[in-house]
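A short write-up of the structure that comes next.
In each ligand, atom 1 is the first atom listed, and ligand 1 is the first ligand listed. As the structure is a prediction and not an experimental result, all values here were calculated from the model.
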Amino acid sequence: MPVPTPEPAPDVHPAWLPPEAFRAVGSRHTLVAGDGKLVDTVVGEVERACAGHGGTVRRATDEPGARPADLVLALIPALPEADRRPGDAPDATAASGADLAAVHAAHVDLAAVRAAHVDLAGALGAEGFALARHGQVTVVLADAPAGLLYGLFEVVRLGDTAFGPECPVRVHRPALSRRMLDHWDNVDEHPVMGQVERGYAGGSIFWRDGRPRRDRARVRAYARLLAACGVNAVAVNNVNVHATEARLLTDRLDDVAEIADDLRPYGIRVHLSVTFAAPVVLAGLATADPLDEAVRTWWAETTRRVYARIPDFGGYVVKADSEGQPGPFSYGRDHADGANLLAEALAPYGGVVHWRAFVYNHRQDWRDRSTDRARAAFDHFAPLDGRFRDNVFVQVKHGPMDFQVREPVSPVIAAMPGTRLAVEFQVTQEYTGQQRHVCYLAPWWSEVLRYRPWGEGGRSVADVAADGGDLVAVSNVGDDRFWTGHPLAQANLYAFGRLAWDPALAPEAVLDEWIDLTFDPARSADPEMLRRTLHEVMDDSWRTYERYTAPLGVGFMVRPGHHYGPDVDGYEYTPWGTYHFADRDGVGVDRTRATGTGFTGQYPPPWSQVYESLDRCPDELLLFFHHVPYDHVLHSGSTVIQHIYDTHFAGLAEVIEMSRRWESLAGLVDPAVHARVSERLAEQLRCAQEWCDQINAYFHRKSGVPDVRGRPLH
Ligand code: GCW
């Protein structure tokens, strides 16, 4: 039975899957070979596409169609064996003319398709697929149903190009086997954090007022969008687990199962954030000590029940001993003890623990210069390397602080060769404009993924994550009609999925894909201008945001609490460990081994030396690693103080230009999208002006150094 595709309310924006994106598939004739739930989803998708565009779809087991197939989507094991000796099988990249003829004959010769690709069988894995063009027929082959689903979405992405001239077989396999989103969604609205902690797109897509939302079509539509960009795992509740949310593990498990049912047809597994104190708060045990026998038994039994209800359940996410969440420290145990307790309970079912490394002292004395929050994750976790069970993923924020617009890569990523690591990104724009500012984050993530902790020639962050680890991001989605509040922030969600599938993709190329799917420029009055302008607005928007906010990697300078807008000293005298130390002479945090906190020593060479050295430290991270006088000369030739003035004026000017460009798209994009983005740009402009003025005024007043260009500094 084909799975019907979800139909959310008509005012919900289709994001990157508008009906037009399916024109190339839906106007053709498709044959599907194979069985399974996800194959049913594939058939449902193609049926819907055909209903809108006039094509047909049939299964290999149906009566032969009247028309030749243009597209074959087939599980290799479902194809009939060719009646030939192995030596006769043509090679995969160059099927013989006879095979080509057979493939595009009215009744596609599926045996010939199989024979042509005999070497791919078993090599594509659980999610991979191969795309080939045989004469007039496009063929997608997979070993397993998920591969067929991803293959279909690749064909959608390619559009008519997928049906172009013959080309060599292209094999696609995800670099990372788990590509996961964490939702910081609360079941009950939290008095301070609301329904979604750090959510900027309305309410939760999963929960409302203490219950699962009744709008299941919306959840299914979300699953569909995620599958189309490659995401295959979702944690459905906040890592800060409050009282109601704790119960999702036990008496509210049916609610989780309901979401799992909605996500499953698109190959997405559900994970749950749990509280480490669960045995105490849910079962009344006297302790949650990970080495206590009764605690172990409780987790084992509770987990058994979870799997009895949700057989494909993914596992637990845990924030322990962090920002007030309970953890093993209360019992004199460490994070390995804690993580292994849950891992042991999950292991019989193939489940995993994502144990977060975001552990630091959030009650720091600001007078104490020796404590360095940047050091904390490494100090806690690196010594535990090798002690975690095989189904534990230590989940590390990509930077050592907290999703600032610029940070170095976390040294933890290079410090735990004996541990599976999940690298964590933040798609929700907590510190990058809160989905009121345009800030396309893929260039930033791409930089992180390509960074080589051991220097040129060594492995990259993406390599480390791919080697037994995974990639996780905090979602930016809510029940807003544009999904992400700012319509252009959809691109960040799309890009996260695509980079997790293939970290080598270029951010501009990913943006191209997103633009083509979402805006269908080919059908607009001016395709070239539409594409170009969207690139102009978005490509460099992360660097623009960096220019008008905290300079040179120093971070924070945001309003405490909600983290929006400038407040240079907002965090300076707080317990949070987020300081810039600006005084009349200079600014920045000395994290050197020679005179500072020693954080640079957490990196392997060459970076331990590069960051230590004032001469070699990259400009953009200078104030993260060094405290320097305002007249310190950067590699760029500018002084620090002049750089601050110049970049802030430049960033503001770029936002003005961005707004002008966006206005020029009126009439070329959906008016509702245009209006929403214009409204957000007005706020971005107001806020960028505020940043520019406050930062410049602040540093002018501190330093007394005038702007060499004589601009107003207030
Ligand atoms: O960046 C901080 C956020 C918190 C968040 C925390 C975390 C879920 O301000 O809201 O809590 O990170 O990552 O756990």
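Under 4.0 Å from ligand 1, not a single heavy atom of Met193 appears. Counting heavy atoms under 4.0 Å from ligand 1, residue Val239 touches it through the side chain alone. With a 4.0 Å heavy-atom cut-off, ligand 1 is reached by the side chain of Trp184 but not by its N, CA, C or O.
In this structure, Arg559 is not positioned above the aromatic face of Tyr564 in the sense of NZ or CZ being under 6.0 Å from the six-membered ring centre and within 45° of the axis. The cationic group of Arg218 does not satisfy the cation-pi geometry with Phe206, failing either the under 6.0 Å distance to the six-membered ring centre or the 45° limit from the ring axis. With a 6.0 Å cutoff to the six-membered ring centre and a 45° limit on the axis angle, Arg591 counts as a cation-pi contact of Phe624. Annotation: cation-pi geometry satisfied between Arg406 and Trp444 (NZ/CZ under 6.0 angstrom from ring centroid, within 45° of ring axis).
In terms of protein heavy-atom proximity, atom 10 (O) of ligand 1 is nearest to Glu197 OE2, 2.5 Å. Among protein heavy atoms, the minimum distance from atom 1 (O) of ligand 1 is reached at Asp402 OD2, 2.6 Å. Looking from atom 3 (C) of ligand 1 to the surrounding protein, the closest heavy atom is Glu430 OE2, 3.3 Å. When hydrogens are left out, the protein atom nearest atom 8 (C) of ligand 1 is Asn240 ND2, 3.3 Å; that is the closest non-hydrogen contact. Scanning all protein heavy atoms for the shortest distance to atom 12 (O) of ligand 1 gives Lys397 NZ, 3.0 Å.
Inclusion of Asn238 in the set of residues having an N or O under 3.5 Å from an N or O of ligand 1 is not warranted. By the 3.5 Å distance cut-off applied to N or O atoms, Lys319 is counted among the residues near ligand 1. At least one N or O atom of Arg356 sits closer than 3.5 Å to an N or O atom of ligand 1.
The shortest separation from a heavy atom of Phe358 to ligand 1 is under 4.0 Å, placing the residue in contact. For Glu323, the heavy-atom gap to ligand 1 drops under 4.0 angstrom.
Within the 4.5 Å cutoff, side-chain heavy atoms of Pro618 are placed close to those of Tyr611.
Aromatic ring orientation, Phe625 versus Phe599: parallel (interplanar angle below 30°, classes split at 30° and 60°). Phe403 and Trp184 have tilted rings, their planes meeting at an angle from 30° to 60° on a 0 to 90° scale.
Atoms of ligand 1 lying under 4.0 Å from at least one heavy atom of His563, given by number and element, are 9 (O). Short contacts between ligand 1 and Arg198, defined as distances under 4.0 Å to a heavy atom of the residue, involve ligand atoms 3 (C), 4 (C), 9 (O), 10 (O).
To the nearest 0.5 Å, the span separating OH on Tyr451 from CG on Asp463 amounts to 14.0 Å.
Between Arg387 and Asp334 there is a salt bridge, since a side-chain N of the basic residue sits under 4.0 Å from a carboxylate O of the acidic one.
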